[in-house]
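A quick write-up on the structure given underneath.
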Amino acid sequence: MTSLTNAEVNRANPQTFPSTSSQPILIDTHVHIYDCFNIDTFLDSAWQNFYSQTGHQAGFTGVLLLTESKSHNWFQSLVTHVGESSHRWTFHATAETLSLRATDTQGRTLYLVAGRQIVTAEKLEVAALICDRTFPDGLSTQATIEAIQAAGGIAVLPWGVGKWVGKRGNLITHLLQQKSLSPLFLGDNSGRPQFWLRPPYFSQVEQQGRSVLLGTDPLPLSLEVSRPGRYGLMRLGEFDGHKPGHYIKSSLLNPAVSWQPYGSLETPWHFMRNQIALRVGGLRGVPLRGRVQPSPPPPMAIQNTLAPDGFPETADIETSSEDYASRFAGAIGEWLLQVQEAATLKMLAAYPGAKVLDVGGGHGQLTKVLIEQGYDVTVLGSAEICKARIQTYLDQGQCAFQVGNVLDMPYSDNAFDVVISYRFLAHVTQWQQFLRELTRVAGNAVIVDYPTVRSVNAIAPALFKFKKGLEGNTRPFVCYQEQEIIDHCESIGWHPSQRYAQFFWPMVLHRTLGKPKVSSLLEKAPRLLGLTRLLGSPVIAKFQKR
């Protein structure tokens, strides 16, 4: 494995290393980076999850301990890009070759520490934390642990579904009794469902004076890009930014240093969803956050691929097309849009005659009704072609249109009373920056729509081919865990004020039926029972300044 020399470290990171006074230090001890994860979203999510665990205190240090498998070595890939920028995050060398410091354009900081995950002859997994060595799969578990410890790493046996029972359970007991292997750690992960009893082995190592190492263990599923940082260990202390790996290792090996667990285990629903998804062919490589498409994108590209006009997020070019409009054609399409329209007007009722910016609104789904209700409407599009479907209103001077970058809009702060954006958030990669920009130019409120994973969309990847076969022109989309959107908006000073889940049954079902009256009846019962509020999608949500 290629390592940075001291000279290379100094050239790549000539500035002084950050040091901290006593503050929260959070570590996620079991982190994977997969090809289907976008690096910006991955790091944004980790920072946001750490931030949420501190009670929204910005003064903290977050550390991701990587556990990469045989087929992955993203740490080394990131090392080769030290000093370069991805979309928003830049990687810097530290004073040790096995860690990196990542900073974004807002000055947020995270640390990544190298580590491996090895599969043994007994089909157990062993993590080699804080170690930039590679180890072969297929050795005995004991030989693997000995090799990790000889290389200076921390050996961890992480919990896994069905892996600590029978003969392998007996092996765990045997290994924990071997004094020559001490200190041998056990790891718990947030994928363990809430109904699963805590393994008795955890108490065994705790009685020996060692912490159970908590980590998220993201799965190779697109939705899992938002998991890192949600489950781990925390303590107050002074952090060494020079050698974060050495600092964490020394702390974990020192029985006098107390680490406290934080986070929660997986809900039964999410556990079952993930187990089903892992067993459905083709899901291991689906792109980030529930996006569904036939093949995955290039692995975690460091350089962003821009549109021809230079804008990084241009989903509205497609949603403004006639082909996309055909998805809402006919009586059933009109019914679907009426549901959206009614919810939107209710949320806008507090702002009569408001100055409204419709970001990506070239689809024209709300232009006409907003004009008729007396709103001053401006549509922002990613290209001139995005205005084709609203050209009639532009020719009559009833609204305005401007081309611009949705991640850096050509408007001053608070330029509009209300900012709305539909059919866009479900197709962006840099969603946090997108929401930050919407809220920046809004004076009073932001209204967006998005599909949620707490719905039939949880199995959307498995249904994509079926859905495409029915609709013909469907396209990849992103499902969100609502709480992460809420948490992000709260962190920038915006709180949710209104919410409307549009449909309990998937929209593809309604399009296939093609009968508005039947669809209306199908939706009535779950709405009366409160199921639509809990499990409906897509959601229209309104956020206001605190």
Side-chain angles (χ1 to χ4, degrees), residues 37-44 81 84-90 104-106 225 287-289 291 293 296-325 356-367 377-391 394 399-416 418-442 446-450 475-478 480 485 488-489 492:
F37 291 176
N38 172 277
I39 189 62
D40 275 337
T41 305
F42 173 81
L43 294 173
D44 282 343
H81 292 280
E84 300 178 15
S85 174
S86 60
H87 302 168
R88 291 185 306 282
W89 289 83
T90 303
D104 76 347
T105 53
Q106 299 182 62
V225 72
L288 81 112
R289 303 179 62 76
R291 185 173 297 198
Q293 65 182 21
M300 218 173 62
I302 296 296
Q303 297 300 326
N304 193 17
T305 301
L306 299 179
D309 50 13
F311 300 152
E313 300 285 2
T314 58
D316 58 321
I317 292 178
E318 182 172 347
T319 56
S320 299
S321 68
E322 289 297 327
D323 181 60
Y324 188 85
V356 176
L357 175 66
D358 189 354
V359 177
H363 47 68
Q365 292 179 355
L366 291 165
T367 311
V377 181
T378 298
V379 176
L380 179 71
S382 299
E384 284 291 331
I385 196 173
C386 295
K387 67 180 181 180
R389 291 188 51 77
I390 61 171
Q391 190 62 56
L394 295 173
C399 68
F401 176 85
Q402 186 170 356
V403 173
N405 179 1
V406 299
L407 300 185
D408 186 17
M409 289 190 272
Y411 308 112
S412 61
D413 296 354
N414 306 316
F416 297 87
V418 180
V419 175
I420 65 174
S421 184
Y422 289 2
R423 314 297 176 199
F424 209 122
L425 191 54
H427 304 286
V428 300
T429 298
Q430 302 178 57
W431 66 276
Q432 290 99 333
Q433 176 60 24
F434 179 65
L435 288 174
R436 282 195 292 269
E437 195 63 3
L438 296 185
T439 55
R440 180 185 68 80
V441 301
V446 167
I447 302 173
V448 293
D449 77 332
Y450 48 84
R475 68 172 183 159
F477 65 95
V478 179
Y480 289 87
I485 290 180
H488 179 70
C489 288
I492 56 178

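Side chains are part of it too, since the values below use all heavy atoms of this structure and drop only hydrogens, waters and symmetry mates.
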Once you round to the nearest 0.5 Å, how far does [atom1] of [X] lie from [atom2] of [Y]?
| X | Y | atom1 | atom2 | answer |
| --- | --- | --- | --- | --- |
| Phe434 | His427 | CZ | NE2 | 11.0 Å |
| Arg436 | Cys489 | CZ | SG | 10.5 Å |
| Arg88 | Asp44 | CZ | CG | 4.0 Å |
| Leu435 | Gln430 | CG | CD | 12.0 Å |

When you measure from the side chain of [X] to the backbone of [Y], do you find a donor-acceptor pair of N or O atoms at a distance under 3.5 Å?
| X | Y | answer |
| --- | --- | --- |
| Asp449 | Arg423 | yes |
| Asp316 | Ser382 | yes |
| Asn38 | Thr41 | yes |
| Gln402 | Leu380 | no |

Stepwise side chain to side chain contact (heavy atoms under 4.5 Å, CB included) test for Tyr411 and Thr378:
CA-CA 11 Å; Tyr411 308 112; Thr378 298; 3.8 Å; yes
Please test Glu437 against Val406 for side chain to side chain contact (heavy atoms under 4.5 Å, CB included), starting from the C-alpha separation and ending with a verdict.
CA-CA 7 Å; Glu437 195 63 3; Val406 299; over 6 Å; no
More than 12 heavy atoms of other residues, nucleotides or ligands under 6.0 Å from CD1 of Ile385: is that the case?
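Open: at most 12 neighbouring heavy atoms sit under 6.0 Å from CD1 of Ile385.
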So which atom in Asn405 and which in Pro312 form the shortest heavy-atom distance, rounded to 0.1 Å?
OD1-CD, 3.6 Å
If we only count heavy atoms from C-beta on, is the Val359 to Ile420 side-chain gap below 4.5 Å?
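No - every pair of side-chain heavy atoms lies 4.5 Å or more apart.
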Could you check Thr105 against Trp89 for side chain to side chain contact (heavy atoms under 4.5 Å, CB included), going step by step and ending with a plain yes or no?
CA-CA 7 Å; Thr105 53; Trp89 289 83; over 6 Å; no
Quick one: list whatever passes salt bridge (Lys or Arg N to Asp or Glu O under 4.0 Å) with Arg389, sequence neighbours left out.
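If we apply the salt bridge (Lys or Arg N to Asp or Glu O under 4.0 Å) test to Arg389, skipping adjacent residues, the hits are Glu322.
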Could you pull out all residues at least two apart from Asn414 that satisfy side chain to side chain contact (heavy atoms under 4.5 Å, CB included)?
Lys545
Got a sec, which pairs hit salt bridge (charged side-chain N to carboxylate O under 4.0 Å, His left out) with one end in residues 424-435, sequence neighbours left out?
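Sorted result for residues 424-435: empty, none.
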